[in-house]
Amino acid sequence: MGIYGKKYDVIVVGAGHAGCEAALAAARMGCTVMLTAIDLDKVAAMPCSPSVGGMAKGQLVKEIDALGGEMAKITDQTAIQYRILNTKKGPAVHSSRTQNDKIRYHIAMKAVVERQPNLDLRQALVERLIVEDGKVIGVEDHTGFGYQAQTVILATGTFLSGLVHIGFKSIRAGRAGEFASYGLPEHLKELGFQLGRMKTGTPPRLKKSTIDFSKFERHDGDENPRPFSFFTEKVTVSQVPCYMGHTNEQSRKIVQDNLKYSALYGGMIKGISARYCPSFEDKVVKFSHRESHHVILEPEGLDTEEIYASGLGNSLPVEIQIRFVRSVEGLGQAEIMRPAYAIEYDYVNPVQLKPTLETKLISGLFMAGQINGTSGYEEAAAQGMWAGINAACKVQTRPPFILDRSQAYMAVMTDDLVTRGTREPYRMFTSRAEYRLMLREDNADLRLMEIGHGLGLIDSDTLKDVKERRKQIDSEVARIKKTVIKPSEQVNVYLESLSSKPINDGVFLDQILKRGELDYDAVRTLSPSPEPLCQSVIQQAETEIKYEGYISRQLREIEKFRHLESMKIPENFDYRNVNSLSNEMKEKLSAVKPASLGQASRIDGVTPAAISVLMVALKAF
């Protein structure tokens, strides 16, 4: 086997969203990095939805940005529609979402990767790991050529034993038209990893000029779009609409009558699919009472005719797909440019990972993205950054990078994966985060930029700005709390004009601001700040005052949570020696090897009684 002369600190296998963030983070921390892709024309490809963000996913992208990652910046360079979701609900669940130009996204991210110092981008199909004495020391490609490294990150997406299904036709591919990797998953099994099988899919792409958009409801983005990245000053890319329509009884009947030809219901697919993103076959079977379902037409870019037909995903033969698509009002003459398909792929059970995303089995080997059983660009990118930072920390003998569940959505996701594992494609939801009021989109910079600076990913000037804004927020909150508004005709006329109760005695301004029908405009009117404040300071001050009671409650909960998290469990702790634990508890705890008593308490099936026993045993250890 030939060996490349240069030895890297980090090799990243796979240049999708996880791989790019992993490679960039490690390189920016000063490591020498090699990033490999099976096809360099697919770096940071968006193979499914042409969108970034969404509920809880938007929070992940903001956190990546706040730590010094790239996804939000590239999104702002290529976004063709912006929307803030859940604006009628509280700030804890506000989430940014964009439609993006797929080709421009790929080109922009590839350019950043290519120009990054310390980072070599190379086309290669990695088929084996080089392991000595339980430690990874490099990788070998399909030609038998080797590359050396101190650490390796696998960010392989859907390419491990990838199998594309269209009807009863199955094609070996990592994505439609792209090679899959069959040697690497077999090698991982040889090394002792437990692999499972998952399924996802993508809907057809339709030709824009063959669609009658008058039959669909137009959906424009926000009138004044707010950039995704904290570093973007203004949105400059042209904005375009999406369109919403519905399937009908004929659509349902076509699919129902042809289920036996579907790869999913015809027995071709063994992998587990996601409940929250069902194919149309699943909708027909599992929601048989529904006569229609949403169809959302999303443009794939400014310079392409391709339209992503969200809601029409299926694994039917092409001839049936044509009839199905054309049954939708407005799509009667629609031409399918790319058919829908399902794809199966291997993943590694993530309970085999440490909280750093390093494997427990092989030292120096990390995994990120769909190989860990997740779905979505945003989940992948967040894991990639997490793994990239930790690989760099390992090389540089720095303490590992581990956030807890009270600090970030990405920490919630990582903890869920390594503690509980997953048997279906994992997707981030706001409901998964216990402390979501503290983990808002709008405060990701305040939460995480100082940590990013400590890692060398955020510059000093940016951190200085963040600290100055924090001071301004605290100052404005304190000013509002100590300001008393006295009753007067002018004050009460103003309050009554907003359907708010007049005051008879002096009232602290924060109590007025907490009224549901009022916002910060009341502060501007009744007692404006003596200094001009930017919108982000105003937004934070208003949120902290309006939700003060809820925030105080969550802070108390976090204090209790961190008490358990602080009780660390040594790596060499043997649960078999704890006589008071049942065999079932010993088995569960030994499989996960939790790093703390807090993590142990979140393992499925581990009881409060077992935690009490474990607490006593740890004190005696």
Side-chain angles (χ1 to χ4, degrees), residues 16-17 42 45-51 54 57 102 156-178 180 196-206 247 251-252 254-256 258-287 293-298 300 306-322 324-325 328 336-347 369-371 373-380 422-427:
H17 302 283
K42 296 295 190 296
M46 303 178 82
C48 197
S49 172
S51 66
K57 293 169 176 281
K102 285 186 170 186
T156 50
T158 59
F159 283 75
L160 296 185
S161 301
L163 199 60
V164 165
H165 298 280
I166 301 175
F168 287 173
K169 182 68 176 178
S170 299
I171 307 150
R172 285 188 165 200
R175 291 187 292 247
E178 299 180 54
R197 198 83 171 144
M198 284 187 176
K199 171 261 174 187
T200 187
T202 191
R205 272 55 162 189
L206 310 179
T247 59
S251 313
R252 189 182 70 82
I254 289 170
V255 173
Q256 192 172 45
N258 289 282
L259 280 175
K260 61 186 176 183
Y261 302 115
S262 156
L264 183 60
Y265 283 91
M268 300 294 292
I269 293 175
K270 308 299 180 187
I272 299 170
S273 56
R275 285 175 293 167
Y276 48 79
C277 190
S279 66
F280 201 83
E281 299 106 308
D282 272 330
K283 293 176 184 177
V284 165
V285 172
K286 297 176 181 177
F287 308 101
H293 297 273
H294 288 309
V295 178
I296 304 173
L297 303 181
E298 306 174 24
E300 297 221 327
E306 290 191 67
I307 298 291
Y308 179 89
S310 179
L312 299 184
N314 66 86
S315 59
L316 292 161
V318 175
E319 63 271 22
I320 297 171
Q321 288 194 36
I322 293 171
F324 166 53
V325 166
V328 177
I336 295 177
M337 296 180 72
R338 304 186 199 217
Y341 64 85
I343 182 168
E344 283 187 284
Y345 56 95
D346 288 344
Y347 79 104
Q370 282 177 285
I371 191 173
T374 59
S375 69
Y377 310 146
E378 304 82 2
E379 289 89 343
T422 185
R423 294 184 178 179
E424 64 176 344
Y426 177 100
R427 179 177 178 176

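Without hydrogens or angle criteria, Thr247 side chain to His293 main chain gives a donor-acceptor distance under 3.5 Å. Of the possible polar contacts, one joining the Glu344 side chain to the Lys270 backbone as a donor-acceptor pair under 3.5 Å is found. With hydrogens and angles ignored, the 3.5 Å screen pairs a side-chain donor or acceptor of Thr374 with a backbone N or O of Gly369. A distance-only check finds a donor-acceptor pair linking the side chain of His17 to the backbone of Ala45 [under 3.5 Å]. Formation of a donor-acceptor pair under 3.5 Å by the Thr158 side chain with backbone atoms of Tyr345 is not found in this model. Under the 3.5 Å distance criterion, the side-chain polar atoms of Tyr347 are left unmatched by any main-chain donor or acceptor of Leu160.
For the pair Thr422 and Gly373, the tightest heavy-atom approach, listed with the atom from each and the gap, is CG2-O, 3.7 Å. Of all heavy-atom pairs spanning Gly157 and Gln370, the tightest one is O-CB, 3.7 Å. Across all their heavy atoms, Ile343 and Ala173 have their closest contact at CD1-O, 3.6 Å. Looking at every heavy atom in both residues, Ala263 comes nearest to His165 through CB-CB, 3.5 Å. Minimum heavy-atom separation, Ile166 to Pro339: CD1-CG, 4.1 Å.
Pro278 is not listed as a side-chain neighbour of Lys286, based on a closest heavy-atom distance of 4.5 Å or more. Under the 4.5 Å side-chain criterion, counting only non-hydrogen atoms from C-beta, Lys57 is not in contact with Ser51. Contact annotation: the side chain of Cys48 approaches that of Tyr377 to within less than 4.5 Å [non-hydrogen atoms, C-beta and beyond]. Annotation: side chain of Thr200 is not in contact with side chain of Pro425 (no heavy-atom distance under 4.5 Å). For the pair Glu298/Ile307, no side-chain contact is recorded, criterion being any heavy-atom separation below 4.5 Å from C-beta on. Residues Ile171 and Leu163 form no side-chain contact, since every pair of their non-hydrogen atoms from C-beta on lies 4.5 Å or further apart. Side-chain atoms of Val325 and Ile336, non-hydrogen and from C-beta on, do get closer than 4.5 Å to each other.
A salt bridge (Lys or Arg N to Asp or Glu O under 4.0 Å) check over residues 161-177, counting only residues at least two apart or in different chains, returns the pairs Arg175-Glu178.
With rounding to the nearest 0.5 angstrom, the OG atom of Ser170 is 8.0 Å from the CD1 atom of Ile269. Taking CG from Asn314 and CD from Gln321, the interatomic distance works out to 4.0 Å, rounded to the nearest 0.5 Å. Note that OG of Ser315 and NZ of Lys199 are 6.5 Å apart. Values are rounded to the nearest 0.5 Å. We find the CG-CZ distance between Asp346 and Phe159 to be 13.5 Å, quoted to the nearest 0.5 Å. From Ile254, atom CD1 reaches atom CG of Leu316 across 10.0 Å, with rounding to the nearest 0.5 Å.
Residues forming a side-chain contact (heavy atoms from CB on, under 4.5 Å) with Ala180 (at least two apart in sequence, or on another chain): Tyr182. Remark: Tyr261 pairs with Asn258, Pro317, Ile320 by the side-chain contact (heavy atoms from CB on, under 4.5 Å) rule, at least two apart or across chains. Contacts of Arg205 classified as side-chain contact (heavy atoms from CB on, under 4.5 Å), with partners at least two apart in sequence or in another chain: Lys102, Thr202, Pro203, Glu300, Glu306, Tyr308, Arg338. By the side-chain contact (heavy atoms from CB on, under 4.5 Å) test, Leu259 pairs with Val255, Tyr265, Glu281, Val285, sequence neighbours left out. The salt bridge (Lys or Arg N to Asp or Glu O under 4.0 Å) check on Lys42 picks up Asp39, with sequence neighbours excluded.
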